[in-house]
Visitor: 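Structure in structure tokens, see below.
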There are 2 protein chains.
Amino acid sequence: MNSPKARRKGAAVTTPAVSSRDLPHPETAQIRLESVLHALSDPMRLRIVRELAADGDELSCSYFDLPVTKSTTTHHFRVLRESGVIRQVYRGTAKMNGLRRDDLDGLFPGLLDALLDAADRQAAQVRDLGDG
Amino acid sequence: MNSPKARRKGAAVTTPAVSSRDLPHPETAQIRLESVLHALSDPMRLRIVRELAADGDELSCSYFDLPVTKSTTTHHFRVLRESGVIRQVYRGTAKMNGLRRDDLDGLFPGLLDALLDAADRQAAQVRDLGDG
DNA sequence: GCCGTACTACGATGGCTATCGTACAAGGCA
DNA sequence: TGCCTTGTACGATAGCCATCGTAGTACGGC
């Protein structure tokens, strides 16, 4: 609810908008552990982060095939961005998403890897139970 | 809302109550990563877990001096217990709380240490900012 | 048996949030 | 220019949740 629509309403944009469509990200020092944990405590968002980590670099929003509507998907990506977990940037019509791995590793060394490993282990366990 | 009051209402207790006051804990295999993260995403609960980890073993609920009422404290301890982060047991009138470190380390190796380290780093950073 | 301490259960409340549908904007392409 | 794809904003809704106050239970000591 910040830059894109605010401009149309004639409101003054405080942050210097380099591009016409840039998104607010928290600075590295402003990332809060509680917010990161809250962001990752949702199954849908944890799934997004796992796919981002698995695929490596940047993925568009449309890459993900989540069992929710596009509105909800947008919401989840915003939560991840505002908590500092991912970085979002427009590339044409697509919106590319990338893990803020360097920032997180600098703030909380080992945390992201431990979280991803934990998620992998839980997924493997659930898979085994499903197989019987 | 399970064992303590249910007995008075004459309902059948499914779980074999060894003591008159025992508390429902999730089994180790039932602990879900999302629930753990959600439990730790609350500042009050993260603080409780940090104190438990710092002090080592078991601490009573009254040991903690939290800026909330006792009702709310009870609520937070229950969330931590039901998510599998802590184990609670009555000892006389006191209720002792202990981290389920072995269970969590077995499920998610390195996760708890990474989380505690991250919380320590953030606390140190906030402290530095406060000192100016 | 009675009281104090420790903690809980219950109900209420206000705020957050995950979800949806609809309408709309921005960029690429024919 | 007009259309399609991609993604957003907005409003609504239902459920969860952190918090409180009050009343009550359980245990230990007097």
Side-chain angles (χ1 to χ4, degrees), chain A residues 1-11 17 19-24 32 34-35 37-48 58-83 86 88-97, chain B residues 1-11 17 19-24 32 34-35 37-48 58-83 86 88-97:
Chain A
M1 67 190 79
N2 272 327
S3 26
K5 193 86 172 224
R7 270 174 47 253
R8 291 190 64 260
K9 287 190 179 176
S19 166
S20 60
R21 285 202 296 172
D22 55 354
L23 300 155
R32 302 286 298 165
E34 292 90 334
S35 302
L37 297 183
H38 171 250
L40 298 181
S41 71
D42 182 275
M44 218 61 67
R45 292 194 290 260
L46 185 58
R47 175 169 162 178
I48 291 173
E58 291 189 329
L59 296 174
S60 71
C61 291
S62 62
Y63 171 89
F64 298 85
D65 188 28
L66 302 176
V68 292
T69 64
K70 305 243 293 186
S71 309
T72 307
T73 301
T74 298
H75 161 71
H76 284 311
F77 275 106
R78 182 173 47 208
V79 172
L80 285 171
R81 169 170 49 84
E82 292 180 345
S83 68
I86 69 172
Q88 294 189 293
V89 61
Y90 281 103
R91 182 120 53 212
T93 62
K95 195 183 198 177
M96 305 307 290
N97 305 275
Chain B
M1 65 190 76
N2 273 327
S3 27
K5 194 87 172 226
R7 270 173 47 252
R8 292 191 63 261
K9 287 189 178 177
S19 167
S20 61
R21 284 203 296 174
D22 56 352
L23 300 155
R32 302 286 298 164
E34 293 89 335
S35 302
L37 297 183
H38 170 250
L40 297 182
S41 71
D42 182 276
M44 218 61 67
R45 292 194 289 261
L46 185 59
R47 173 169 162 177
I48 291 173
E58 291 189 329
L59 295 174
S60 71
C61 291
S62 61
Y63 171 90
F64 298 85
D65 188 27
L66 302 176
V68 291
T69 64
K70 303 248 289 185
S71 309
T72 307
T73 302
T74 298
H75 162 70
H76 284 312
F77 275 106
R78 182 173 47 208
V79 172
L80 286 171
R81 168 170 50 83
E82 291 179 345
S83 68
I86 69 172
Q88 293 189 293
V89 61
Y90 281 103
R91 184 120 53 214
T93 62
K95 195 182 197 176
M96 306 306 293
N97 305 275

Visitor: Write down the distance between CG (A/Leu23) and P (D/dG7), rounded to a whole number of angstrom.
Guide: 12 Å
Visitor: Can you tell me how far the NE2 atom of A/His76 sits from the CG atom of A/Asp42, to the nearest 0.5 Å?
Guide: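 Here the rounded value is 4.5 Å.
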Visitor: Can a side chain N or O of A/Thr74 be found less than 4.0 Å away from OP1 or OP2 on D/dA9?
Guide: no
Visitor: Without decimals, in angstroms, what is the distance between A/Tyr90 OH and C/dG28 C1'?
Guide: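 Value for this atom pair: 16 Å.
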Visitor: Under 4.0 Å between a side-chain N/O of B/Ser60 and OP1 or OP2 of C/dA6, yes or no?
Guide: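 B/Ser60 to C/dA6 OP1/OP2: no side-chain N or O under 4.0 Å.
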Visitor: How close do B/Arg45 and B/Ala39 get, heavy atom to heavy atom, and via which atoms?
Guide: NE-O, 2.8 Å
Visitor: Over all heavy atoms of both residues, which pair between A/Ser83 and A/Ser35 is shortest? Give the atoms and the distance, please.
Guide: CB-O, 3.7 Å
Visitor: List the atom of B/Met44, the atom of B/Leu66, and the distance in Å for their closest heavy-atom pair.
Guide: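 It is CG-CD1, 4.2 Å.
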Visitor: I need the CZ-P distance between B/Phe77 and C/dA6, as an integer number of Å.
Guide: 14 Å
Visitor: Rounded to whole angstrom units, what separation is found between the CG atom of B/Asp65 and the P atom of C/dC7?
Guide: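 These atoms are roughly 13 Å apart.
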Visitor: State, to 0.1 Å, how close B/His38 and A/Ser41 come at their nearest heavy-atom pair, and which atoms those are.
Guide: N-CB, 3.4 Å
Visitor: May I ask you to check whether B/Thr72 and B/Thr69 show a side-chain donor-acceptor distance below 3.5 Å?
Guide: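 Distance-only check passes for B/Thr72 and B/Thr69.
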Visitor: Please report the distance, rounded to the nearest Å, between CG in A/Leu66 and C1' in C/dA18.
Guide: 13 Å
Visitor: Any non-hydrogen side-chain atom of A/Val89 less than 4.5 Å from a side-chain atom of A/Glu58?
Guide: yes
Visitor: Could you tell me the separation between the CZ atom of B/Phe77 and the NZ atom of B/Lys70, rounded to the nearest 0.5 Å?
Guide: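 If we round to the nearest 0.5 Å, B/Phe77:CZ and B/Lys70:NZ are 10.5 Å apart.
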Visitor: Can you see which heavy atom on B/Phe64 is nearest to which on B/Ile48, and at what distance?
Guide: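 The pair with the smallest heavy-atom distance is CE2-O, 3.8 Å.
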Visitor: Rounded to the nearest angstrom, tell me the gap between atom CD in B/Glu58 and atom C1' in C/dA6.
Guide: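 B/Glu58 atom CD is separated from C/dA6 atom C1' by 16 Å.
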Visitor: Between protein and nucleic acid, restricted to nucleotides 12-15 of chain C and to nitrogen or oxygen atoms under 3.5 Å apart, what atom pairs and distances do you find?
Guide:
none

Visitor: Output one letter per nucleotide in nucleotides 15-22 of chain D: B when a protein non-hydrogen atom lies under 4.0 Å from the base, S when only the sugar-phosphate is that close, - when neither is.
Guide: --SSBBBB
Visitor: Which whole-number value in Å describes the distance from B/Leu59 CG to C/dC7 P?
Guide: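 It is 11 Å, rounded to the nearest whole Å.
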Visitor: Can you check side-chain contact (heavy atoms from CB on, under 4.5 Å) on A/Gln88 and A/Cys61, steps first, answer last?
Guide: CA-CA 10 Å; A/Gln88 294 189 293; A/Cys61 291; 4.2 Å; yes
Visitor: Write down the distance between OH (B/Tyr63) and P (C/dC7), rounded to a whole number of angstrom.
Guide: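 B/Tyr63 atom OH is separated from C/dC7 atom P by 14 Å.
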Visitor: Could you run down the sub-3.5 Å N/O contacts of the protein with nucleotides 1-4 of chain D?
Guide:
none

Visitor: Which heavy-atom pair separates B/Leu40 from A/Leu37 by the least distance, and what is that distance?
Guide: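 Of all heavy-atom pairs spanning B/Leu40 and A/Leu37, the closest is O-CD1, 3.6 Å.
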Visitor: Taking OP1 and OP2 of C/dA9, is either one under 4.0 Å from a side-chain nitrogen or oxygen of B/Arg78?
Guide: yes
